[in-house]
Amino acid sequence: MMAAVAAVVVHPDDTVAVIVAPQGGRAGQTLADGTPLAENVPMGHKVALRDLAAGDAIVRYGEVIGRADKAIAKGAWIPEALVRMPPAPDLAAMPRTRRPMPPMPPLEGQTFEGFRNPDGSVGVRNVLAISISVQCVAGVAAHVVERVKRELLPRFPNVDDVVALDHTYGCGVAIDAPGAQVPIRTLRNLARNPNFGGETLILGLGCEKLLPEMLRGDGADAAIVRLQDEAFHGFGAMVEGVMAAALPHLERLNARRRETCPVSDLVVGVQCGGSDALSGITANPAVGFAADLIVRAGGSVMFSEVTEVRDAIHLLVERAASDEVAEALIREMAWYDAYLGRGGADRSANTTPGNKSGGLANIVEKALGSVVKSGSAPIVDVLAPGERIRRKGMIFAATPASDFICGTQQLASGIALQVFTTGRGTPYGLAAAPVVKVATNSNLATRWSDLIDLDAGRIATGQASLEAVGWELYRLILDVASGRKTVAADRLGLHNALALFNPGPVT
Ligand code: CA
């Protein structure tokens, strides 16, 4: 007799199983409960566990992810076209009741080797950042970065890197419009990222709308260089001027050393990209497990991606640590609903063709699998886009789900390191912070063995338990944070452009 095809049922109420066998399931094979497959079913896709009539609930994670578009027989494949999407949870009518959450047992004595900053934050890298107040100066900034790498960094061996905080904002925008506060505070807080040691240099032009002074943190005395300064006669003089301004910053950064810091000083961001139906079974729960460990050790984890939590918001409101946090969660969802509405879009615009061929029928199914990255800790704070972290613990930082925008916004909110799960695969990386990439399936981890840092697909194949992979990820995070291990994206030099979230008008 043939062995049952590997499939996962997440919740006892589920009416579907998800095929996790790397080759998919073939017609005639049976699931562990004896259900015979009526047809071939690709990996990551759903199979009906009972006969469903048209309009019946399709249940996964114990939640309704849609309604059957027509009758579906037990054992049949449920492709996206047969799943009618339910409406999003009604924010106005949403119960604000919070679930009593027993305290999580603390994890004592957890440490990593980080760079302690004057403002109390702790970085995992020691990087000179050059912030720009307007895109006009980006070419000069890029030139300076190359010159500093070539000519100055060899003299400052304790400085890991130099990066320009490139962006398209700063001029040609309605600088006083209601949405403008988002990119402005994002840029200001980006310059204060813990990996920059409080030594960010600011490069401006001179006639731009966004004044370079607006990018300085409170009380910071970051040097500002303006290219229209009359002292500069031509390009060569500008470059020399910026490099001279960089020198004292490099000297101070170079004097820093890693020191043993408690994990309570670590801020880790989590996000996903190129998700598939295994995301919610393997990689995201493993990230959630590791996130719980960080929070139990007193540290902070940020999760984001509004369009991917919108359909699971009722599950997050239950976990709010206070009424204020519950209201803030709902407020950020409502703000984004209105923002999408102004653009004539809705939440269904989130899912990609890759998500769908990976087995995710719609945004409801994607969201339920996405929010498990946040583990099980109480949610202690909600940050509007670009706001800086102010409390320790599990935090919702509202950002778009777009990988590079979420990455940029989380950097502004204060992450020192990011964990990124992917099922379809992306070479995504950030220059400012290490990105630990976790594959949801072993097919991807094998095919992209030099691009992926951890294979969570072993959870689906039964080679490793969720707990084992969660602990492995937690230890990997601390190794990367301590500079003991280098992530694939940094080893290969794969770094995406920064991309600010700008909901305001462009002029
Ligand atoms: Ca994303």
Side-chain angles (χ1 to χ4, degrees), residues 182 186 268-280 282-288 290-291 301-313 316 332-333 336 339-340 345 347-360 362-375 383 385-386 395-413 415 417-441 444 448 451-454 456 487-489 494-503:
V182 172
T186 298
V268 173
V270 300
Q271 77 150 321
C272 48
S275 297
D276 66 6
L278 292 192
S279 298
T282 58
N284 290 351
V287 169
V301 176
M302 269 178 213
F303 71 111
S304 296
E305 304 177 289
V306 171
T307 48
E308 287 172 19
V309 307
R310 175 67 180 84
D311 281 271
I313 189 62
L316 300 178
E332 289 301 330
M333 298 301 118
Y336 216 92
Y339 166 73
L340 288 177
R347 72 209 215 280
S348 64
N350 175 297
T351 35
T352 65
N355 291 154
K356 290 177 176 177
S357 55
L360 290 174
N362 58 35
I363 187 59
V364 183
E365 185 175 18
K366 186 173 175 181
L368 290 166
S370 175
V371 296
V372 294
K373 293 197 299 296
S374 67
L383 302 176
I395 294 157
F396 179 69
T399 79
S402 155
D403 296 347
F404 10 93
I405 300 183
C406 172
T408 304
Q409 298 299 133
Q410 285 193 350
L411 286 171
S413 292
I415 61 161
L417 182 151
Q418 195 180 51
V419 176
F420 189 103
T421 68
T422 184
R424 309 288 296 169
T426 163
Y428 167 86
L430 296 169
V435 176
V436 176
K437 287 223 287 296
V438 182
T440 70
N441 63 83
L444 175 69
W448 283 24
L451 291 151
I452 295 293
D453 298 295
L454 190 70
V487 296
L494 299 176
H495 296 140
N496 287 95
L498 294 173
L500 298 180
F501 180 39
N502 177 20

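Read the numbers this way: they start at 1 and go in the same order the structure lists the ligands and their atoms.
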Problem set entry | Name, closest N/O/S atom of E305 to the Ca ion (ligand 1) | OE2
Exercise. So, does Q271 use its side chain to make a donor-acceptor pair with the main chain of D403 at under 3.5 Å?
Worked result: yes
For this session: Measure from the Ca ion (ligand 1) to every N/O/S atom of D403 and report the name of the nearest one.
Result: OD1
Exercise. Does E305 come within less than 4.0 Å of K373, counting only side-chain N to carboxylate O?
Worked result: yes
Problem set entry | NZ on K356 to CG on D276, rounded to 0.5 Å | 15.5 Å
Exercise. With the Ca ion (ligand 1) at the center, what angle do OE1 from Q271 and O from A401 span, rounded to 10 degrees?
Worked result: 100°
For this session: Please determine if the Ca ion (ligand 1) has an N/O/S atom from E308 lying under 3.0 Å away.
Result: no
For this session: Return yes if a side-chain donor-acceptor contact under 3.5 Å exists between S304 and Q409, otherwise no.
Result: no
Exercise. Taking the inter-plane angle between the rings of Y336 and F501 on a 0 to 90° scale, is it parallel (under 30°), tilted (30 to 60°) or perpendicular (over 60°)?
Worked result: parallel
Exercise. Taking both backbone and side chain into account, is any N, O or S atom of C406 nearer than 3.0 Å to the Ca ion (ligand 1)?
Worked result: no
